[in-house]
Amino acid sequence: MGENVFDHIVDYCSGNISEADSRMLRKWIDASPENRETFERFLCLVKMHRMTEGKQSIDDKRAWMRLLSAMKVRRIKRIRLRIVAVVAVVVLLFGAGTGFWIHKSESVESASLVQILPGTTKATLVLANGDQLDLTRNDLKEVQDQGALIKNDTTMGLQYELNGQKIEELVWHTVKVPVSGEYNFTLSDGTRVWLNSESEITFPMVFVDSVREVVLKGEAYFEVKSDKEHPFIVHANKVNVNVLGTKFNVAAYEENGKVITTLAEGGVKVEMNGQSVELLPDEQVAFDLNSGKISKQSVVASVYTSWIRGVFEYENMPLEEITTQLSRWYGVDFSFSAAEFKTRCFTGVVKKYDALNDILQIIEKTTNVSFMINGKNIAVKSTAY
């Protein structure tokens, strides 16, 4: 995309990207590891800034446009240099408080309504001996455990490294993410894992068997390090997802009664009770844990993995599914005044680090429902209410 990539990233972060530009941006991100790293680093900056600012919000469109204008003046031609320079400008401007701060308007329903803030990076590491470590502690830089060095990076999460010693026995660790949290880290084989809210993953500190196996509860996105000699298996409830090297999302919240696997790149075989389904990119399979029914469909995989990139993408998604996702991220409870409202659908892109109030106002515009907020309880009612 050349010089236009930054424009598309700006539009993506602001929730204003068109469908055509979104496809172009996704293609650019997947074109090389460097592109993906650049994109993710930029989103990390946005995320960390919003986390540290708390109740203050930034008028993204105004700030981004000012920054884009500044970059155009500099005429930086290489995209990586453009992004690095932008990051530097962002840090300087945000740190100096140069007038980009604008409080967003309060809810149209109540000028005194308290903003419901988004989740943040939160996670706990449970060691084999039961010790629990808060991974958000600023002073927790590394942990030594049975011959392995575990580094804790503030932006890239845990990094498991062999410390010059050979480990022959499986030592299991667990990373737990609470409601209103998220976390990403790297396993000892180089596989990257993004954990969504109210999720946990159990894994060997170092993979020593012929098969790399992890156990998931909740939802996670994986970028599995290719290793044909050591297949990678995700165990989620009664479902096993078998891969060699690929990118995919697994949603296995017990209360949903389903395990949904969405493939972004490569190939996977999903198994349950002797049944198996192979997926190609942009395909999804759902196993119903109660009935044993299998359903497979073609999808736009990026919609189901958008949460790792700082936004929630919805394509004709029922409000019941949307509110379930928002409940986990914002730590709130939704109730519907009528069952029919659960099936009303919404299509759009919203920024997951915005206040929930702003997201609900966007959804209200096209679904003919209203959201009545009372503390952490939100009622979904007819607009005629």
Could you please spell out the steps behind the side-chain contact (heavy atoms from CB on, under 4.5 Å) verdict for Leu140 and Asp134? CA-CA 8 Å; Leu140 184 63; Asp134 181 358; over 6 Å; no
Checking Val259 against Met272 for the side-chain contact (heavy atoms from CB on, under 4.5 Å) test, could you report, in this order, the C-alpha distance in whole Å, the side-chain angles of both residues, the deciding distance, and whether it holds? CA-CA 10 Å; Val259 175; Met272 176 182 170; over 6 Å; no
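Atoms NZ and CG, from Lys176 and Leu125 in turn, are 11.0 Å apart once rounded to the nearest 0.5 Å. Atom-to-atom distance recorded for Ser302:OG and Asp282:CG is 7.0 Å, nearest 0.5 angstrom. For the atom pair CD of Gln159 and CG of Leu187, the computed distance is 10.0 Å after rounding to the nearest 0.5 Å. The OH atom of Tyr221 sits 8.0 Å away from the CG atom of Asn249 when rounded to the nearest 0.5 Å. Summarising the geometry, atom CD belonging to Glu182 is positioned 14.5 Å from atom CZ belonging to Arg328; distances are rounded to the nearest 0.5 Å. Here OG1 of Thr124 is found 10.0 Å from OH of Tyr183. Values are rounded to the nearest 0.5 Å.
Residues Val171 and Tyr160 fall within the same hydrophobic cluster, defined by Ile, Leu, Val, Met, Phe, Trp and Tyr side chains chained together at heavy-atom separations under 4.5 Å. One hydrophobic cluster, built from ILVMFWY side chains closer than 4.5 Å, holds both Phe371 and Leu326. The hydrophobic clustering, which links ILVMFWY residues whose side-chain heavy atoms are closer than 4.5 Å, places Val215 and Tyr253 apart. No path of Ile, Leu, Val, Met, Phe, Trp and Tyr side chains, each step under 4.5 Å between heavy atoms, connects Met205 with Ile233, placing them in separate hydrophobic clusters. Val243 and Val277 end up in the same hydrophobic cluster when Ile, Leu, Val, Met, Phe, Trp and Tyr side chains are linked at under 4.5 Å.
The main-chain N or O of Pro318 is never found under 3.5 Å from a side-chain atom of Glu321 such that the two would form a donor-acceptor pair. In this structure, Asp288 contributes its side chain and Asn290 its backbone to a donor-acceptor pair below 3.5 Å. No side-chain donor-acceptor contact under 3.5 Å links Thr383 to the backbone of Ser370. Side chain of Ser180 to main chain of Gly331: a donor-acceptor pair is present (N/O by atom type, distance under 3.5 Å, no hydrogens or angles). Using modelled atom types, one side-chain atom of Asn357 and one backbone atom of Ile116 make a donor-acceptor pair closer than 3.5 Å. Within the 3.5 Å criterion, the main-chain N or O of Asn368 finds a donor-acceptor partner in the side chain of Arg344.
The aromatic rings of Phe203 and His173 sit perpendicular, their planes meeting at an angle over 60°, well past the 30° parallel limit. Ring geometry for Phe312 against Trp329 counts as perpendicular: the plane angle is over 60°, on a 0 to 90° scale with 30° as the lower cut.
Here the closest non-hydrogen pair linking Ala220 and Val193 is CB-CG1, 4.3 Å. A pairwise comparison of heavy atoms in Ile363 and Phe346 identifies CA-CE1, 3.8 Å as the closest pair.
With sequence neighbours left out, Lys238 forms a salt bridge (Lys or Arg N to Asp or Glu O under 4.0 Å) with no residue at all.
No side-chain donor-acceptor contact under 3.5 Å links Ser199 and Asn196.
Around NZ of Lys296, the count of heavy atoms belonging to other residues, nucleotides or ligands within 6.0 Å exceeds 12. Other residues, nucleotides and ligands contribute over 12 non-hydrogen atoms within 6.0 Å of the NZ atom of Lys247. For Glu169, the CD atom sits in a loose shell: 12 or fewer heavy atoms of surrounding residues, nucleotides or ligands are nearer than 6.0 Å. Enclosure of atom NZ in Lys269 is not indicated, since only 12 or fewer non-hydrogen atoms of other residues, nucleotides or ligands lie within 6.0 angstrom.
Checking each of Glu198, Glu200, His235 against Lys217 for a side-chain contact (heavy atoms from CB on, under 4.5 Å) leaves exactly one that passes, namely Glu200.
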